[in-house]
Amino acid sequence: MMNTLNTEKSAEKPFRKTGNPVELTSESPLHPRRKSHRIMVGSVPVGGGAPISVQSMTNTLTANVPATLQQIAELTAAGCDIVRVAVPSQDDADALPEICRKSPVPIIADIHFQSKYVFQAIDAGCAAVRVNPGNIRKFNEVGPSICKAATDAGISLRIGVNAGSLDKELYAKYGGPTPEALVASALKEAHMFEDVGFHDFKISVKHHDVITMVETYRLLASKGHWPLHLGVTEAGPAWQGTIKSCLAFGALLAEGIGDTIRVSLSAPPVEEVKVGCKLLEYMGLRPRKFDIISCPSCGRAQVDVIQLASAVTEGLKDVTAPIRVAVMGCIVNGPGEAREADLGVASGNGKGQIFIKGKVIETVPEDQIVDTLLTKAQEIAAQMEADGLVPVNATGPVVVPIQHPNR
């Protein structure tokens, strides 16, 4: 049974009781968004053109409620829209009611193997449950009951497969976790839910290899209109995982594919959120917030650009106003880039020209560049905050390298 999108019925269908009835949409400047069915994860709409949400997962013991709530608060402050918590034990399941009650964002329970925890998570008030049918014993028997419980509670589910948890029969049939194998697994699960009349779910088909992941999501996107959760699983340490995720997400989002994302890093969860939020900003899928433009080090630089950019970034790490600061180290591109930024410096010959909104306001000695930029940035940020121009959940700076055209 293929999942199809009936626009007339979708328009008439009310939002589930978990959701906000405000019609939210988000279009990419690169490509029309793929048409998908909209579900709700608590108050966060997913799919149907809704703004792409950023997810992460706590790495605390869920049973340690204070530590888990503290990390959820940190993730929320970094811009996270939805937080997933692991539920591998009874103690973790018992902690869910308090976590759900006190969390500022929707909570997804991550359930594997024990179907009883799925029902506990639903009763606890979780906004959604991540269910892996391939890991749950006798899912064919318990699946319909899970769908009914989710329907009665008005919550959504996430299904799908990772390369490491592919069904053995499909693995043998396709010769490994190929795009065709992963999609076949996802379709099997989707049809299992749809056959009992349940449609409020999103799908993920994660793989650690960028090319395989992109090909898999492209194939799945062509098969129906389910909302898709993007992820490169086991992406690796922060620098490697960031590159992998940006490549894979960038390729898919540029084609309009993807409704919610998680950047998976072997790093603190807050770092996942920072990368995810900035990725969406630079793809034009979220309003631009704070960022720093800095040129790479090169033989033309007459100042230590690396040290200068690092000092400015550190000094402005708590600024969230949507201003762009340019830290430039030579006269080739420096003045032009500094003029284009809200605040900038073009450095050389032991001094720096300070620009605000395209105009030179002063020239300072090299040893005063950092202090001057920090002071001016704080003044601009304070004015924007007073004018109500600082976005909710705004994030801190990210250094954006600018390559010289003749390098």
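Quick note: numbers below take in every heavy atom, side chains included, and nothing from hydrogens, waters or symmetry partners.
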So among [options], which one has a side-chain contact (heavy atoms from CB on, under 4.5 Å) with [X]?
X	options	answer
Ser185	Asn162, Val205, Leu166	Leu166
Gln378	Asp318, Leu316, Leu373	Leu316
Val312	Leu343, Val345, Ile292	Ile292

Under the rule for side-chain contact (heavy atoms from CB on, under 4.5 Å), what residues qualify as partners of [X], not counting sequence neighbours?
X	answer
Glu255	Arg218, Ile257
Lys148	Asp152
Thr372	Ile354, Glu362, Val364, Gln368, Lys376
Pro268	Glu271

Asp167 side chain to Glu169 backbone, donor-acceptor under 3.5 Å: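 Side chain of Asp167 to backbone of Glu169: a pair is present.
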
Arg38 (side chain) donor-acceptor with Gly47 (main chain) under 3.5 angstrom: yes

Can you name the salt bridge (Lys or Arg N to Asp or Glu O under 4.0 Å) partners of [X], sequence neighbours left out?
X	answer
Arg339	none
Asp259	Arg33, Arg34
Lys357	Asp342
Arg262	Glu272

Partner residues of Ser204 under the side chain to side chain donor-acceptor pair (under 3.5 Å) criterion, sequence neighbours left out: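 Once residues adjacent in sequence are excluded, the partners of Ser204 under the side chain to side chain donor-acceptor pair (under 3.5 Å) criterion are Arg158.
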
Neighbour count >12 (heavy atoms, 6.0 Å) for atom CD, Glu379: yes

Heavy-atom neighbours of Ile211 CD1 exceed 12 at 6.0 Å: no

Stepwise side-chain hydrogen bond (donor to acceptor under 3.5 Å, both in side chains) check, Thr68 with Thr62: CA-CA 6 Å; Thr68 300; Thr62 303; 5.0 Å; no

Where at least one partner belongs to residues 89-132, residue pairs that pass ring pair (Phe, Tyr, Trp, His ring centres under 6.0 Å), sequence neighbours excluded: none

With sequence neighbours excluded, residues passing ring-ring contact (aromatic ring centres under 6.0 Å, His included) with Phe139: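 By the ring-ring contact (aromatic ring centres under 6.0 Å, His included) rule, Phe139 matches Phe193.
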
Pairs touching residues 380-390 that satisfy side-chain hydrogen bond (donor to acceptor under 3.5 Å, both in side chains), sequence neighbours left out: Gln383-Asp387

